[in-house]
Amino acid sequence: MSQIPVAHKRSIRKRVIYRVTALIAVAILFITLTVLMIVYRQMSEQMQILLQQRTESVAQRLEQRLEYLVENAVLLTDNELMINALIDAEGRARYLPLLVENFMSGKDVVSLSVVDFDGVPIFKTQEDIPRYNTSAQLRTALAMGKMAMYVHESIDQIVLVAPIEYYMTTQGAIVVVFDLGALVRAHVPMEEGSYLKLIKQGRQLYSSLELSSHDYLQFYVEPAQARFLTQLGIGIEMGTDASLLMAPIEETLLRLLLIGLLFIVAGVVVATVLANSITFPIIELYRRVHASDLSKNLLCSPIGTDDELEALAKAFDAKTLLLQYQAEHDALTDLPNRVLFLDRLEQSVRFALREQSAFAILFVDLDHFKEVNDSMGHSVGDLLLKEVALQFQSIVRRSDTIARMGGDEFTLLIDRIASEHTVMDVIEKIMRLFVDPYEIAAHRLYITCSIGVALFPQNGQTPQLLLQNADAAMYRAKAEGRNTYAFYSEEMTEMAIRRLHLQTQLRRALERAEFEVYYQPQVDMRSGTIIGMEALLRWSSEELGSVSPALFIPLAEETGLIVDIDRWVMREAMLQWVRWINAGLKPGVLSLNLSLIQFKRDDFVLYVARMLEECHFEAAWLQLEVTETQIMNNPERTIESLHALKALHIALAIDDFGTGHSSLSYLKRLPVDKIKIDQSFVRDLPDDHDDMVLTRAIIAMAKSLGLEVLAEGVETRAQQEFLNAHHCYEAQGYLFYRPMRVAQITPLLTSGAAV
């Protein structure tokens, strides 16, 4: 048993002491801060409540005092002597001074004036008071016969205007100016350490606060229940010295610090005892682990240390993970084995049941693999299996699982499939892996495979049943001659075989020159002259005969072959157009349909520009068409590509308009020149009312946007007349011309025939 350096023991022991002590210190600090926050919040809340109560009390006192002053002013205006003073000069001189003096006694009055109906003072207690006959409030009070009270802006004092009536007619008024500061000081007691401010619209009217270095807590209110304060627009702010709040907090802090120090000292003692009791078994365990074969299935890392514990955890984990990996992966190919595959298959079943989705199981068996082992040895066979495994890994998605079940059998879990077409694409990729021979240890090995397919949920809803059915389908593929595949459903097998055969023939069509470009003229219905032609692709297969575009175009788009096909059509049509023009003919504008996949290619616009240059084809002769559905599939990317094409001075058209649910917000952003009305709207014209309404709307919208309009699928004179009547003059359809070969179009252009 190896000896462990003493430094290791000390490092663990010190770490325990330091960490336990640090934890206690952090806990004490946390508790202290928490208590302080609680105390501070409670004290703040209590102080705010107290300030609110004091503020409301002040508001109530001021309101009561103002109410008292107003009542006394009203009593003064109702006094018969005061009334007589207005109308009798002798009474004014005899009684008025006595009445005013009696009213001003004890009411914090700065001045009192008596004015007649014109606002002219007939009596005043001070000579230098403002001229109230210029006051808008006084004029309003005299005119309306209503009392007014306001804060005078220049002197920050309360002014009360009370009309005096005689025989229900306003004869004049008293104007009383109250000292706001004296009123507050006399009737609002203030506690030590507090202050009071009266504020009107942000302007301070009164403050009991002298210049001070104290910090204050504040509360402000605009009394909604106080009628006179509200009328005057006066808000009340009260504050109290913040030191009153901090005193209990400082006292609490001192107590907590003393308690915390005691706990930290106790923590150091406890940490030392714990370190001595904990470190010895840890080091002993470390010795035993390194003396054993480390065969325990226990995960320990990471623990975040850099000592014996970390080494021990890593040793345990490395062994455990190795054993777990070996239990779930094939030792030869490093692929998942049956155990891991079944686990992932079970997860896929649960997910698919929950999400109502589908997936597929492919059971792949190498044909005649036993002969490789028997003739060249197992070492060559193993190398072949490893190479096949690498090839399989190169074609599957990250979400899929490829596993070796044993021997020469592989299984593939294709997750989240939209349709059987997804499965067929994977099958085709697998079959292509075995077209060329494998170069293994200086041997050229030609090998094929047989594939069985089971779909979830059609062919089973349990992992065992799905594997069983995929295995059965694989054996049926072997029984049918190997180097093929079979679906568990016979009907799906036949459908898949037909599709794969069509796809194979489609791939060879370009090589065999089986494609041909037809041209369907587009005419001006007013004159019958040809204004252009649309290039249409036709396929005449050696094995399949004439294949409908409705059948092979979608397949070409699914497989990506449409890119090469579209570009071939573009080149052939441009070259033919140049030949016609060089011959002195006038074919008009060439219309080419584009697949959405083209717009996803970064080099598409560059390719079009190169074709214009190589074919000596002028951009004014070309019109590219994209369907409304394609635009709405990815509007932002399509609009960007269309603008790039427009920069080449190429005309653009929306094909099959009205079928793609396009948004007008996108339509107005499209740099298009023409709209082609889909033939589904033209077919029943002029008998179908809905089609008539929609067609008229499309034509009107296009005209309002300054776009040209062409109707597709025109087959009757009635349709032509309806379109002409609504100012759609361009058309394409069997009424005028069917799609024709070059040999048929050339004489037509030569003769200059008109419909």
Side-chain angles (χ1 to χ4, degrees), residues 321-349 351-352 357-369 372-373 376 378-418 420-441 443-456 463 466-467 470-471 473-474 477 482-485 500 558-560:
L321 293 174
L322 177 62
L323 292 175
Q324 183 178 352
Y325 187 87
Q326 291 175 345
E328 296 179 343
H329 289 78
D330 177 59
L332 177 64
T333 62
D334 211 33
L335 292 176
N337 61 13
R338 177 183 290 272
V339 174
L340 183 55
F341 183 83
L342 287 174
D343 179 72
R344 293 184 180 177
L345 180 55
E346 190 171 352
Q347 293 179 25
S348 294
V349 169
F351 178 83
S357 59
F359 64 88
I361 299 294
L362 273 61
F363 206 111
V364 184
D365 184 87
L366 304 185
D367 297 329
H368 304 297
F369 179 77
V372 176
N373 276 339
M376 300 181 183
H378 287 275
S379 60
V380 175
D382 289 348
L383 291 174
L384 176 60
L385 289 174
K386 292 175 68 174
E387 184 61 25
V388 169
L390 288 174
Q391 295 299 319
F392 279 155
Q393 288 176 299
S394 68
I395 64 172
V396 297
R397 302 172 301 181
R398 288 184 176 271
S399 59
D400 300 334
T401 300
I402 179 74
R404 184 189 177 202
M405 303 299 283
D408 61 342
E409 293 179 339
F410 298 85
T411 51
L412 177 60
L413 169 61
I414 308 175
D415 222 350
R416 298 181 180 89
I417 61 173
E420 70 275 5
H421 300 318
T422 305
V423 182
M424 286 306 307
D425 290 339
V426 177
I427 291 174
E428 183 185 8
K429 291 178 182 179
I430 294 175
M431 300 299 288
R432 285 204 297 268
L433 294 178
F434 299 93
V435 172
D436 299 324
Y438 282 83
E439 301 287 342
I440 304 294
H443 299 285
R444 291 173 62 87
L445 303 179
Y446 288 87
I447 193 167
T448 58
C449 71
S450 299
I451 305 174
V453 184
L455 301 177
F456 178 92
L466 286 166
L467 273 178
D471 191 32
M474 185 271 293
R482 293 182 170 82
N483 193 26
T484 187
Y485 59 91
L500 184 60
E558 290 176 13
T559 58

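Heavy-atom basis, side chains included; hydrogens, waters and symmetry copies ignored. The first residue in the sequence is number 1, and the count goes up from there.
- Shortest non-hydrogen contact noted between Val372 and Gly381 is CG1-CA, 4.3 Å.
- Partners of Asp330 by salt bridge (charged side-chain N to carboxylate O under 4.0 Å, His left out), not counting sequence neighbours, listed by chain and number: Arg404.
- In this structure, the side chain of Asn373 does not engage the main chain of Met376 through any donor-acceptor pair within 3.5 Å.
- For the atom pair Asp334 CG and Gln393 CD, the distance stands at 7.5 Å (nearest 0.5 Å).
- Put simply, the side chain of Ile417 reaches to within 4.5 Å of the side chain of Ile414, judged on heavy atoms.
- Side-chain atoms of Leu385 and Phe410, non-hydrogen and from C-beta on, do get closer than 4.5 Å to each other.
- Scanning all heavy atoms of the two residues, the minimum distance from Glu346 to Pro463 falls at CA-CG, 3.9 Å.
- The side-chain contact (heavy atoms from CB on, under 4.5 Å) search around Arg398 returns none, not counting sequence neighbours.
- Put simply, the side chain of Leu362 reaches to within 4.5 Å of the side chain of Ile427, judged on heavy atoms.
- You'll find the side chain of Val388 stays beyond 4.5 Å of the side chain of Leu433, heavy atoms only.
- A search for ring-ring contact (aromatic ring centres under 6.0 Å, His included) contacts involving Phe369 returns nothing, not counting sequence neighbours.
- Evaluation of the salt bridge (charged side-chain N to carboxylate O under 4.0 Å, His left out) rule for Asp408 yields no partner, not counting sequence neighbours.
- Among residues two or more places apart in sequence or in another chain, the side-chain contact (heavy atoms from CB on, under 4.5 Å) test is passed with Thr411 by Phe341, Phe363, Ala403, Met405, Leu467.
- Residues that satisfy the side-chain contact (heavy atoms from CB on, under 4.5 Å) test with Asn483, not counting sequence neighbours, are Asp367, Met431, Thr448.
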